Amino acid sequence: MLERRSSHDDLIDHLVRSTALQRGEAARVILDVLAYFDESTDDFVRRRHRELRSGGLVNTEIFERIAAELPHRAVAPPELSLRQLRRIVYG
């Protein structure tokens, strides 16, 4: 009987061969990366706002920075205005 392989086994094998990660660690890294990129645009904007606010930045700087980061996401959302970003955070 064939053993069942996950859909990411090739990537896990590659990480194990090319890094010092053990198989379980490589699988966790892959799942963490996939979860990070699975984050919705709204969730990303809210999370980054919290992170940057806790880092001492003010909203003017925060929203400009978020607007600059969004096009570099794995699947870039449509361009959002600073006003649209503020509405995501503050409703």
Side-chain angles (χ1 to χ4, degrees):
M1 184 175 215
L2 295 173
E3 75 178 60
R4 185 167 182 222
R5 292 176 53 93
S6 77
S7 60
H8 305 294
D9 274 348
D10 288 342
L11 181 55
I12 293 169
D13 293 341
H14 172 74
L15 286 176
V16 169
R17 282 191 310 270
S18 63
T19 69
L21 295 174
Q22 298 297 315
R23 189 163 186 77
E25 295 168 324
R28 281 193 302 276
V29 168
I30 291 166
L31 292 176
D32 285 347
V33 169
L34 291 173
Y36 175 82
F37 285 115
D38 193 38
E39 184 176 43
S40 73
T41 299
D42 288 2
D43 289 342
F44 172 79
V45 170
R46 289 184 191 107
R47 177 179 59 79
R48 286 300 289 148
H49 182 270
R50 280 191 311 274
E51 291 170 354
L52 296 170
R53 189 77 155 156
S54 70
L57 295 177
V58 296
N59 277 342
T60 305
E61 297 168 313
I62 291 171
F63 291 118
E64 287 177 6
R65 192 155 173 191
I66 292 171
E69 291 176 358
L70 282 171
H72 302 285
R73 301 278 296 157
V75 178
E79 187 173 336
L80 299 172
S81 70
L82 298 179
R83 182 173 187 234
Q84 288 172 307
L85 293 173
R86 282 191 291 275
R87 289 193 77 188
I88 289 172
V89 172
Y90 296 114

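Since the structure is predicted, the reported quantities are computational estimates derived from the model, not experimental observations.
Cluster annotation: Leu82 is connected to Tyr90 through the hydrophobic network of ILVMFWY side chains, with a link wherever side-chain heavy atoms come within less than 4.5 Å. Note on Leu15: it clusters hydrophobically with Leu34, by side-chain heavy-atom contacts below 4.5 Å among ILVMFWY residues. One hydrophobic cluster, built from ILVMFWY side chains closer than 4.5 Å, cannot hold both Ile30 and Val33; they sit in different ones.
The closest side-chain heavy-atom distance from Phe44 to Phe37 is not below 4.5 Å. Using a 4.5 Å heavy-atom cutoff, the side chains of His49 and Asn59 are in contact. Using a 4.5 Å cut-off on side-chain heavy atoms (C-beta onward), His72 and Glu69 make no contact. Annotation: side chain of Val89 is not in contact with side chain of Ile62 (no heavy-atom distance under 4.5 Å). For the pair Thr19 and Val29, the minimum side-chain heavy-atom distance is 4.5 Å or more.
With salt bridges taken as basic N to acidic carboxylate O contacts below 4.0 Å, none links Arg65 and Glu61.
Interatomic distance, CZ of Arg46 versus CD1 of Ile66, reported as 11.0 Å (0.5 Å rounding). Interatomic distance, CG of Leu85 versus CD of Glu64, reported as 10.5 Å (0.5 Å rounding). Note that the CG atom of Asp42 and the CD atom of Gln84 stand 10.5 Å from one another [nearest 0.5 Å].
In this structure, Arg48 fails the cation-pi test against Phe63, since its NZ or CZ atom is not both closer than 6.0 Å to the six-membered ring centre and inside 45 degrees of the ring normal.
More than 12 heavy atoms of other shown residues, nucleotides or ligands fall within 6.0 angstrom of atom CZ in Arg47.
Closest heavy-atom contact between Leu21 and Ala26: CD1-CA, 4.0 Å.
Between the side chain of Arg23 and the main chain of Ile12, no donor-acceptor pair closer than 3.5 Å is present.
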